[in-house]
2 protein chains.
Amino acid sequence: MRMTRQRKVLLEIINQAASPLSAEEIMLQAHQQDPSLALSTVYRNLEKMLELGLCQQIRFQDGLARFEQAGLVHHHHLVCTACGRREAVPICPLHQIQQQLEAASGYKITYHEINLYGLCPDCLKKQVSEQTGHP
Amino acid sequence: MRMTRQRKVLLEIINQAASPLSAEEIMLQAHQQDPSLALSTVYRNLEKMLELGLCQQIRFQDGLARFEQAGLVHHHHLVCTACGRREAVPICPLHQIQQQLEAASGYKITYHEINLYGLCPDCLKKQVSEQTGHP
DNA sequence: ATACATGCAAATTGTTTGCGGGCAG
DNA sequence: CTGCCCGCAAACAATTTGCATGTAT
């Protein structure tokens with residue numbers, strides 16, 4: 001892969017990110033370093049980076065494509081349904097039962113994703129204080 | 001919810017379906033009974049049915065919104081990456097560890113989804129025979 | 001009768017593509 | 001130099017919305 005200015009910026013953003021980013025979020029961050037970078041460049045490079053295994057694509061319930069660094073420890077995602085905060089969960093309960101699943105279904109399973117949705121600690125606190133009236 | 005002709009058709013399609021259907025797939029099926037039914041009607045009613053808890057929305061890696069009957073036994077999905085076949089898996093390894101996850105993350109988890117991807121028995125067979133040359 | 005649903009067409013949103021010029025190797 | 005890459009604009013695809021009309025209650 002040819003190392004263009006734009007690609008360096010994109011790779012850095014993805015590798016620094018604490019959670020998966022959408023194409024638009026990536027472009028906005030990139031604009032701080034290179035305001036002329038086009039959204040189509042973001043998409044084209046994300047596609048290439050997916051092919052090369054440099055990043056991974058995820059979709060939560062909103063259907064937006066989000067991208068994160070590849071090569072991290074196997075993990076899943078926790079999404080706050082109130083504020084949208086997303087974070088990684090390093091726990092996976094599937095490995096232990098994957099063989100059972102394959103045996104039961106006849107499939108050869110190559111990949112899986114687990115998304116958990118709920119309220120993050122902050123939004124949970126807010127919700128409680130709204131109900132009680134004690135902030 | 002007012003029981004219109006179109007809604008009866010839509011509900012029946014969703015309740016009969018063996019796997020989650022996209023809006024377009026639902027419309028195509030519906031056209032066999034009511035060729036004038038509009039795609040926007042499908043979307044508007046799916047939205048309403050989601051609010052009322054009459055159906056659930058799912059997204060696999062292609063990002064398309066798919067819909068399935070609500071009120072089924074808790075389950076997850078297995079998707080063949082070759083032919084697109086989708087089926088339900090009645091096994092869930094999360095219930096046992098959900099409390100651990102909540103304790104570790106501080107989230108209140110309200111919902112989760114697990115999608116498994118791989119080759120279905122048929123496509124697995126085809127792939128093997130292609131390699132060996134023995135059909 | 002009235003409020004809510006529908007069909008149609010147009011608008012939005014996220015993503016992809018075609019093209020002429022630009023830059024990394 | 002040369003082929004891949006970029007920015008821009010236009011094309012697409014999925015979904016949403018506005019509006020005039022139709023229909024379940």
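Below, chains carry the letters A, B, ... as their sequence lines are ordered, and counting in each starts from 1.
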Q.
Need to verify one output field. Residue with the more 5' nearest nucleotide on DNA chain D, A/Met1 or B/Arg59?
A. A/Met1
Side chain of [X] only, heavy atoms from C-beta on: which candidate in [options] is closest?
{"X": "B/Ala38", "options": "C/dG18, C/dG7, C/dT15", "value": "C/dG7"}
{"X": "B/Ala65", "options": "D/dC19, C/dG14, D/dT15", "value": "D/dT15"}
{"X": "B/Ser40", "options": "D/dT17, C/dT6, D/dC6", "value": "D/dT17"}
{"X": "B/Leu64", "options": "D/dT15, C/dA24, C/dA5", "value": "D/dT15"}
{"X": "A/Tyr43", "options": "C/dG14, C/dG7, D/dG7", "value": "C/dG14"}
{"X": "B/Ser36", "options": "D/dC6, C/dG7, C/dG18", "value": "C/dG7"}
{"X": "B/Arg2", "options": "C/dG7, C/dA3, C/dA24", "value": "C/dA3"}

Grab the [atom1]-[atom2] distance between [X] and [N] for me, whole Å please.
{"X": "B/Glu51", "N": "C/dC4", "atom1": "CD", "atom2": "P", "value": "13 Å"}
{"X": "A/Asn45", "N": "D/dG7", "atom1": "CG", "atom2": "C1'", "value": "12 Å"}
{"X": "A/Leu21", "N": "C/dG14", "atom1": "CG", "atom2": "C1'", "value": "16 Å"}
{"X": "B/Asp62", "N": "C/dT15", "atom1": "CG", "atom2": "C1'", "value": "14 Å"}
{"X": "A/Leu39", "N": "C/dG14", "atom1": "CG", "atom2": "C1'", "value": "9 Å"}
{"X": "B/Glu24", "N": "D/dA13", "atom1": "CD", "atom2": "C1'", "value": "9 Å"}
{"X": "A/His31", "N": "D/dC6", "atom1": "NE2", "atom2": "P", "value": "13 Å"}
{"X": "A/Arg66", "N": "C/dG14", "atom1": "CZ", "atom2": "P", "value": "10 Å"}

Euclidean distance, [Y] [atom2] relative to [X] [atom1], rounded to 0.5 Å:
{"X": "B/Arg86", "Y": "B/Glu68", "atom1": "CZ", "atom2": "CD", "value": "10.5 Å"}
{"X": "A/Leu21", "Y": "A/Leu10", "atom1": "CG", "atom2": "CG", "value": "11.0 Å"}
{"X": "B/Glu102", "Y": "A/Leu78", "atom1": "CD", "atom2": "CG", "value": "9.5 Å"}
{"X": "B/Met27", "Y": "B/Gln6", "atom1": "CE", "atom2": "CD", "value": "13.5 Å"}

Using a heavy-atom cut-off of under 4.0 Å over every strand shown, decide if [X] touches base, sugar-phosphate, or nothing.
{"X": "B/Arg7", "value": "sugar-phosphate"}
{"X": "B/Lys48", "value": "sugar-phosphate"}
{"X": "B/Glu47", "value": "nothing"}
{"X": "A/Leu37", "value": "sugar-phosphate"}

**Q.** B/Thr41 side-chain N/O to C/dG7 phosphate OP1/OP2 under 4.0 Å
**A.** yes
Q) Does a nitrogen or oxygen in the side chain of A/Gln6 sit under 4.0 Å from OP1 or OP2 of D/dG7? A) yes
Q) Any salt bridge between A/Arg85 and A/Asp122, counting N to O under 4.0 Å? A) yes
(Q) Can you work out whether B/Asp34 or A/Phe67 has the more 5'-proximal nearest nucleotide on DNA chain C? (A) B/Asp34
(Q) Tell me if the side-chain of B/Arg44 makes a donor-acceptor pair with the base of D/dG18, cut-off 3.5 Å, by modelled atom types. (A) yes
Q) Do B/His112 and A/His76 have side-chain N/O donor and acceptor atoms under 3.5 Å apart? A) no
